[in-house]
Amino acid sequence: MLNEAMLNRLSASRIDVHLMRIAIVFIFLMFGMAKFALYEAEGVARTAEHYWLFAWMYPIWGVQGASNAIGTVELTTGALIALGAVSPRAGLVGGLMGMATFLVTLSFSFGADLWEEGYGFPFMGRSAQFLFKDAGLFALCLALTLDGVRRLSSRQVEPG
């Protein structure tokens, strides 16, 4: 059983923030790298090429080029969040980019068939399963963004 002293030590160590950072960096790394694979590019295209935010990329760069661009943004986001461990500013920017990423994917739910035939409410179809997890990932990026803000604010208050 954890006693109060142990809980205070864990809280002071900020292990929670470090674990959140590691988890979201892993997610951005894995999903970002996957965008460079043909199977993922084609899978993303089924949704993204008809979405106003991404549709312009497909005629210009094609399926793989558009997916590569998305993957590059995801890898950059993950790298900035990782750098947030040593640079509050990088962590803040990465957290904001992560929030934007998950707001975009959550916005797909406004036109998606979330309750597919054969499932029915409240049982989620594939689209809902894919999209709803992003609410938690958005919250995780928000927490890391706020961590960057707090760390930047504390630097400005400190003398020197």
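The shown structure was predicted, so the numbers you read here are calculated from the model rather than taken from an experiment.
Side-chain atoms of R151 and R14, non-hydrogen and from C-beta on, do get closer than 4.5 Å to each other. In this structure, the side chains of L38 and Q64 come closer than 4.5 Å at one or more pairs of heavy atoms. Side-chain atoms of V149 and S153, non-hydrogen and from C-beta on, do get closer than 4.5 Å to each other.
Rounding to the nearest 0.5 Å places CG of L83 at 13.0 Å from CG of L92. In this structure, CZ in F108 is found 8.0 Å from CG in L131, a value given to the nearest 0.5 Å. Taking CD1 of I70 as the start and CG of L53 as the end, the distance is 9.0 Å to the nearest 0.5 Å. How far CG of L75 is from CE of M30: 10.5 Å, rounded to the nearest 0.5 Å. In this structure, H50 NE2 and Y58 OH are separated by 9.5 Å, a value rounded to the nearest 0.5 Å. Between the CZ atom in F28 and the OG1 atom in T101 there is a gap of 4.5 Å [rounded to 0.5 Å].
The backbone N or O of C141 sits less than 3.5 Å from a side-chain atom of T145, completing a donor-acceptor pair. Between the side chain of T77 and the backbone N or O of G98, no donor-acceptor pair lies under 3.5 Å. Listed for the T105 side chain is a donor-acceptor partner under 3.5 Å among the backbone atoms of F102. One N or O on the side chain of T76 and one on the backbone of T72 form a donor-acceptor pair closer than 3.5 Å. No donor-acceptor distance shorter than 3.5 angstrom exists from the side chain of R21 to the backbone of L144, with no hydrogens or angles considered. Checked by atom type and distance alone, the side chain of E74 pairs as donor or acceptor with a backbone atom of G32 at under 3.5 Å. Under a 3.5 Å cut-off, the side chain of S109 and the backbone N or O of L106 do form a donor-acceptor pair. With S107 contributing its side chain and V104 its backbone, the two residues share a donor-acceptor pair below 3.5 Å.
No chain of hydrophobic side-chain contacts below 4.5 Å, direct or via other Ile, Leu, Val, Met, Phe, Trp or Tyr residues, connects I24 to V73. The hydrophobic clustering, which links ILVMFWY residues whose side-chain heavy atoms are closer than 4.5 Å, places L146 and I81 together. W52 and I60 fall within the same hydrophobic cluster, defined by Ile, Leu, Val, Met, Phe, Trp and Tyr side-chain heavy atoms under 4.5 Å apart, directly or through other members. Grouping the Ile, Leu, Val, Met, Phe, Trp and Tyr side chains by contacts below 4.5 angstrom, directly or via other members, places I22 apart from L29. Note: the hydrophobic cluster containing V25 does not contain L80 (ILVMFWY, side chain heavy atoms under 4.5 Å, direct or indirect links).
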**Prompt:** Can you list the steps and then say if K35 with N68 is a side chain to side chain contact (heavy atoms under 4.5 Å, CB included)?
**Reply:** CA-CA 6 Å; K35 298 297 186 295; N68 291 353; 5.8 Å; no

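No more than 12 heavy-atom neighbours from other residues, nucleotides or ligands sit within 6.0 angstrom of CZ on F26. In this structure, F31 places its CZ atom where only 12 or fewer heavy-atom neighbours from other residues, nucleotides or ligands lie under 6.0 Å away.
When every heavy atom of A66 is checked against every heavy atom of W61, the shortest pair comes out as N-CB, 3.8 Å. For A34 against Y39, the heavy-atom pair with the smallest separation is CB-OH, 3.8 Å.
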